[in-house]
Asks: 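One structure, pasted below without further comment.
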Amino acid sequence: MTTAPLQRVSVAILSYNRRDELHKTLNAVCRPEYPWREVLVADNGSTDGTVEFVRNAFPDVRLLALDRNIGIEASNRAYLAATAPWVLSLDDDSAPAVESFDVLAEELAREPQVAALALSVRRSASALERTSSSEIAYGFSSAGVLFNRAAIESIGPYDPELFLFTNELHWTARALLQGWRIRKYSGAVVVHRSASRNRHSSKHAFYYSRNLLLFLLRYAPTAQKAAMMSSYFRELLVCSLLHRTGVYLRACNSAWRIGAATREKIQPLPEDVFRSINPDLRAGFGYLG
Amino acid sequence: MSDRILIVRTINVEEMGPLLDACRSRWPSARICVLTSPNRREELCSDGRIGEAIEYSASGSGFGSPWNDGRDYDALVVPIRNARGWGYGNVWESVAAVTAKSFWVAAWSHNLRSVSLRRMLFRARMERFLGFACGIGARGFAYLFLLRCRLRKNRKGS
């Protein structure tokens, strides 16, 4: 493997109270085969000893230890602290599965207008059919994406008020509105182990629903905005009754306040672009209560 | 009746494993068929526990249009992400015509519980009614929501 291409990539990992998962991820990332420019871990105030563990076991990792959980703003800080022109974003439970990142970095050099290169995020490394082609995409997962740092500087990082979930969706809309492209590259695979901890809770439902409402408010095409929001509100109301929970109403209330306070972010997308992004508008996503 | 069970709709891989194990322990010799969207089919075929992945093609996302392959099944299982089974009316309506000896929900995607098809279809009708009733309020709320943002803009602009 040649050293030069990966020297153009910084790795940014967001962590929160999943020390064992982060250990697996760092074991997979900090290997001699991957001569990254640097590896950064942004820790959202973990209370399970993650910070001490990283300091002791991985002294070469640049650690951004925050004193409290600030959600995706921690990722933003890691992206902006990265010194390489490309930033590989990973979750604490995701890691590169194949040694194809040198080819990938060369691919990036050919595509300066690409804001982000969505990698092939899989649940397991087995049974993969890999191709090295890249195609236009309208979404990605922070668990496995290469950001063009120039794009982050131009578009801005994730919207911090979202805190958690759908931040990629909002960022995609902003990137497309500014004329950047997103491509999907299936030649590099990231295995997302999707650890169950922190994943299924009413918080999940709250942030997902609220942020989708904000997404519709900001980016749905003007002609369809009211109909789409009405349809999603209906879903949330039905879910509230069926699951006997107030979480969706709280999400509406929060979206109501944030939506009005961040009114300047309303920038409707063209219909065809919005259709291509195709947000999942089913309510109750991830809620097990 | 053939020794075959049908799992309707797919869930993520972490939840699929316990579901398949639960089905295998209840119906040890049955061939497990899974009704899934075309983009999940390939992934499911690679799992040795799944005998057949059947494509369900619908115009939109999720279940909606009726489906029946004309075969008989020992059991039909719908994995759900809650305990009671509310919120899956569209799934039950889609497979209402399938011939099966028994019907099950997999609560939390792994805890198998026998249900009556009639009861689940009754729930589906209730869900539909709720959706209609909530639609009226939702429309008003959506306009109010948009109006509020517009008013803010005017106030800021003036």
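Predicted model only: the values in this text are computed from it and were never measured. Order of the sequence lines fixes the chain letters, A, B, ..., with proteins taken first and strands second; residue numbering starts at 1 for each chain.
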Asks: Got a sec, which pairs hit salt bridge (charged side-chain N to carboxylate O under 4.0 Å, His left out) with one end in residues 127-138 of chain B, sequence neighbours left out?
Replies: B/E93-B/R128
Asks: When A/H170 is tested against each of A/F165, A/Y158, A/Y219 for ring pair (Phe, Tyr, Trp, His ring centres under 6.0 Å), which residue passes?
Replies: A/Y219
Asks: Flag the pair A/F215 / A/F274 as yes when their ring centroid distance falls below 6.0 Å, and as no otherwise.
Replies: yes
Asks: Got a second to check how far A/L177's CG is from A/I155's CD1, nearest 0.5 Å?
Replies: 10.0 Å
Asks: Under 4.5 Å, heavy atom to heavy atom: which of residues 19-29 of chain B reach chain A? Give them by number, or say none.
Replies: none
Asks: To the closest 0.5 Å, what do you measure between CZ (A/F233) and OG (A/S240)?
Replies: 11.5 Å
Asks: Answer with side chain, backbone, both or neither: which region of B/L144 has an atom nearer than 4.5 Å to a non-hydrogen atom of chain A?
Replies: both
Asks: Using a 4.5 Å heavy-atom cutoff, which residues in residues 111-125 of chain B come close to chain A?
Replies: none
Asks: Can you name the residues of residues 220-229 of chain A that have some heavy atom under 4.5 Å away from a heavy atom in chain B?
Replies: A/K225, A/A226, A/M229
Asks: If you measure only the distance, is there a donor-acceptor pair under 3.5 Å linking the side chains of B/S65 and B/Y56?
Replies: yes
Asks: Please classify the contact of B/F145 with chain A as side chain, backbone, both or neither, using a heavy-atom distance under 4.5 Å.
Replies: both
Asks: Pick from A/L242, A/V238, A/L237: which one has the most heavy-atom pairs with chain B under 4.5 Å?
Replies: A/L242
Asks: Could you tell me the separation between the SG atom of B/C134 and the CG atom of A/L241, rounded to the nearest 0.5 Å?
Replies: 5.0 Å
Asks: How long is the span from the CZ atom in A/R18 to the NZ atom in A/K24, to the nearest 0.5 Å?
Replies: 11.0 Å
Asks: Which heavy atom in A/I277 sits nearest to a heavy atom in A/A173, and how many Å separate them?
Replies: CD1-CA, 4.3 Å
Asks: Looking at B/D72, is its backbone amide N or carbonyl O close enough to the side chain of B/T99 to form a donor-acceptor pair, meaning the two atoms are under 3.5 Å apart?
Replies: no
Asks: Less than 4.5 Å apart, any side-chain heavy atom of B/F103 and any of B/L76?
Replies: yes
Asks: State the NE2-CG distance between A/H192 and A/D91, to the nearest 0.5 angstrom.
Replies: 4.5 Å
Asks: Does a side-chain heavy-atom distance below 4.5 Å link B/Y73 with B/C33?
Replies: yes
Asks: Going by heavy atoms in the side chains, are A/I266 and A/L217 under 4.5 Å from each other?
Replies: yes
